[in-house]
A.B. asks: 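First the structure, then my questions, so here it is.
In listed order, ligands and their atoms are each counted from 1.
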Amino acid sequence: MKGKSVLVDLSKCIGCRGCQVACKQWNQLPGEQTVNWGSYQNPPDLSAFTYTLVRFKEVEGNGQVKWNFFKDQCHHCVDPPCKYSADDIVKDAIVVDENGAVFYTEKTKELGNMDLKEACPYGIPRRNSVTMQWVKCTFCKDRIANGLVPACVKACPTGALTFGDRDQILAQANQRLKEIKVAHPSAQLLDIDDVRWIYLLHEAEAQFQMGLREERTYHFGWNRILSPTTLALGILGLVFKWRERGWKQAG
Ligand code: SF4
Ligand code: SF4
């Protein structure tokens with residue numbers, strides 16, 4: 001597959017938030033007033049003015065407490081569900097460029113009541129409440145077009161972010177996974193075929209704070225259990241049981 005990708009190697013992330021600051025600088029996004037909510041994760045969530053956020057999770061391991069960090073932003077899906085949902089309402093409100101960057105245009109202002117955050121499996125997009133435009137990470141498509149790497153990749157001091165041709169990044173991701181599995185058996189690559197931002201987790205998913213992705217997985221499970229079909233089948237089963245009991249008692 002052509003286009004670009006980024007490897008997000010969380011085993012190398014030290015939570016310095018250099019990527020967060022670089023993203024704000026490049027995209028000229030203002031800082032936001034926040035309050036202490038008991039976490040170093042700041043601001044607490046993505047917003048129309050924060051396209052990328054380092055999420056913090058405190059975890060225990062070998063009798064010690066430590067942090068795991070998850071740099072969150074649009075994963076730039078290969079077949080983006082947000083684009084397909086928006087296309088039904090306004091054609092080309094969301095476009096995908098030759099590098100695979102999923103880009104929200106000004107036409108997203110015309111999407112009416114459509115909730116792009118709901119359409120995204122990772123709950124990423126946010127709407128600017130003044131302009132009504134939907135926004136998110138742009139993959140720094142303007143920088144890439146000029147031969148530069150994304151601002152967040154450039155800023156990362158530990159090499160946790162690597163940008164390149166998709167084939168090269170996939171090979172690097174698989175090689176790194178092999179290396180890291182020796183010391184971290186639960187290491188894994190997340191949704192590798194479906195997204196351009198490929199996450200290498202050195203621990204199980206539950207060891208990271210992954211924003212709406214976690215909630216979606218949980219709710220999805222319950223939705224399936226409580227789907228209209230399963231509910232109807234369950235009620236039918238109960239009716240048969242009662243009737244069976246009634247027949248037995250009558251006999
Ligand atoms: S991660 Fe969400 S916002 Fe980004 S391309 Fe995929 S569906 Fe769209
Ligand atoms: S690629 Fe650009 S827009 Fe996206 S998170 Fe990195 S710096 Fe921000």
A.B. asks: Short list, please: which atoms of ligand 1 are under 4.0 Å from a heavy atom of Pro80?
C.D. replies: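 Numbered from 1, ligand 1 contributes 5 (S).
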
A.B. asks: Is there a heavy atom in Phe103 that sits closer than 4.0 Å to ligand 1?
C.D. replies: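 No, that is not the case, since the closest heavy atom of the residue is not under 4.0 Å from the ligand.
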
A.B. asks: Counting only heavy atoms, which portion of Phe139 has something under 4.0 Å from ligand 1: side chain, backbone, both, or neither?
C.D. replies: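 Phe139 to ligand 1: no contact under 4.0 Å from either part.
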
A.B. asks: For Pro81, counting its heavy atoms only, list the atoms of ligand 1 lying under 4.0 Å from any of them.
C.D. replies: 7 (S)

A.B. asks: Under 4.0 Å from a heavy atom of Cys82: give me the atoms of ligand 1 that qualify, with their elements.
C.D. replies: 3 (S), 5 (S), 7 (S), 8 (Fe)

A.B. asks: OH/Tyr122 to CG/Asp72 distance, rounded to the nearest 0.5 angstrom?
C.D. replies: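 Result: 10.5 Å between the selected atoms.
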
A.B. asks: Please report the closest heavy-atom contact between Ala119 and Met114, naming both atoms and the distance.
C.D. replies: CB-CE, 4.2 Å

A.B. asks: Could you tell me whether the side chain of Asp194 reaches within less than 4.5 Å of the side chain of Val78, counting heavy atoms only?
C.D. replies: no

A.B. asks: Does His75 bring an N, O or S atom to within less than 2.8 Å of atom 6 (Fe) of ligand 1?
C.D. replies: no

A.B. asks: Pull out every atom of ligand 1 sitting under 4.0 Å from any heavy atom of Cys120, numbered as shown with elements.
C.D. replies: 1 (S), 2 (Fe), 3 (S), 7 (S)

A.B. asks: Starting from the C-alpha separation in whole Å, work towards a yes-or-no answer on side chain to side chain contact (heavy atoms under 4.5 Å, CB included) for Leu189 and Ile198.
C.D. replies: CA-CA 7 Å; Leu189 294 166; Ile198 295 158; 4.1 Å; yes

A.B. asks: Take Phe208 and His202 through the test ring-ring contact (aromatic ring centres under 6.0 Å, His included) and record every step on the way to the result.
C.D. replies: CA-CA 10 Å; Phe208 295 87; His202 51 295; 5.5 Å; yes

A.B. asks: Report, in ascending order of atom number, the atoms of ligand 2 lying under 4.0 Å from any heavy atom of Lys71.
C.D. replies: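 With Lys71 as reference, the close atoms of ligand 2 come out as 5 (S).
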
A.B. asks: So, does Arg17 use its side chain to make a donor-acceptor pair with the main chain of Val54 at under 3.5 Å?
C.D. replies: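 Not a single qualifying donor-acceptor pair exists.
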
A.B. asks: Give the contacting part of Lys83 toward ligand 1: side chain, backbone, both or neither, where contact means a heavy-atom distance below 4.0 Å.
C.D. replies: neither

A.B. asks: To the nearest 0.1 Å, how far is atom 6 (Fe) of ligand 2 from its closest protein heavy atom, and which atom is that?
C.D. replies: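 Here the nearest protein heavy atom works out to Cys152 SG, 2.3 Å.
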
A.B. asks: At less than 4.0 angstrom from any non-hydrogen atom of Tyr122, what atoms of ligand 1 do you find?
C.D. replies: 1 (S)

A.B. asks: Starting from atom 2 (Fe) of ligand 2, what is the nearest protein heavy atom, named by residue and atom, and what distance separates them?
C.D. replies: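 Looking only at protein heavy atoms, the one closest to atom 2 (Fe) of ligand 2 is Cys140 SG, 2.3 Å.
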
A.B. asks: May I ask you to list the atoms of ligand 2 that are less than 4.0 angstrom from any heavy atom of Trp197?
C.D. replies: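 In order of number, 1 (S).
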
A.B. asks: Calculate, to the nearest 0.5 Å, the distance between atoms CD and OH belonging to Glu58 and Tyr40 respectively.
C.D. replies: 10.0 Å

A.B. asks: How far is atom 3 (S) of ligand 1 from its nearest protein heavy atom, and which residue and atom name does that atom have?
C.D. replies: Tyr104 OH, 3.4 Å

A.B. asks: Can you name the atoms of ligand 2, numbered from 1 with element, that are less than 4.0 Å from a heavy atom of Cys137?
C.D. replies: 1 (S), 3 (S), 4 (Fe), 5 (S)

A.B. asks: Going by the order shown, which atoms of ligand 2 are within less than 4.0 Å of some heavy atom of Pro150?
C.D. replies: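 Those of ligand 2 that fall under 4.0 Å from Pro150 are 1 (S).
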
A.B. asks: Under a 3.5 Å distance rule, please check whether Asn36 uses its side chain to pair with a backbone N or O of Gly38 as donor and acceptor.
C.D. replies: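 Yes, because the side chain of Asn36 sits within donor-acceptor range (under 3.5 Å) of the backbone of Gly38.
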
A.B. asks: I need the atoms of ligand 1 closer than 4.0 Å to a non-hydrogen atom of Cys74, numbered in the order shown.
C.D. replies: 1 (S), 3 (S), 4 (Fe), 5 (S)

A.B. asks: Could you check whether any side-chain heavy atom of Gln73 comes within less than 4.5 Å of a side-chain heavy atom of Leu53, counting everything from C-beta outward?
C.D. replies: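 Gln73 vs Leu53: side chains apart.
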
A.B. asks: At a 4.0 Å threshold, what atoms of ligand 1 neighbour a non-hydrogen atom of Val102?
C.D. replies: 5 (S)

A.B. asks: Which ligand 2 atoms does Asn27 reach within 4.0 Å, using its non-hydrogen atoms?
C.D. replies: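 Listed by number with element: 3 (S), 8 (Fe).
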
A.B. asks: Find all atoms of ligand 2 within a distance of less than 4.0 Å from any non-hydrogen atom belonging to Thr52, and give their numbers and elements.
C.D. replies: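 With Thr52 as reference, the close atoms of ligand 2 come out as 5 (S).
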
A.B. asks: Is there side-chain contact between Gln209 and Trp67, with heavy atoms separated by less than 4.5 Å?
C.D. replies: no

A.B. asks: Where is the nearest protein heavy atom to atom 8 (Fe) of ligand 2: which residue, which atom, and how far?
C.D. replies: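 Here the closest protein heavy atom is Cys23 SG, 2.3 Å.
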
A.B. asks: Between the side chains of Glu203 and Lys57, is the shortest nitrogen-to-carboxylate-oxygen separation below 4.0 Å, so that they form an ion pair?
C.D. replies: no

A.B. asks: Using a strict 4.0 Å threshold on nitrogen-to-oxygen distance, state whether Lys107 and Glu110 make a salt bridge.
C.D. replies: no

A.B. asks: Mind checking whether Cys77 contacts ligand 1 via backbone (N, CA, C, O), side chain (CB onward), both or neither, at a 4.0 Å heavy-atom cut-off?
C.D. replies: both

A.B. asks: For the residue pair Trp134 and Tyr104, is the inter-centroid distance of their aromatic rings smaller than 6.0 Å?
C.D. replies: no

A.B. asks: With distance as the sole criterion, is a donor-acceptor pair present between the side chains of Thr52 and Lys71 under 3.5 Å?
C.D. replies: yes

A.B. asks: Give the atoms of ligand 1, by number and element, whose distance to some non-hydrogen atom of Pro121 is under 4.0 Å.
C.D. replies: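 Matching atoms, with element in brackets: 7 (S).
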
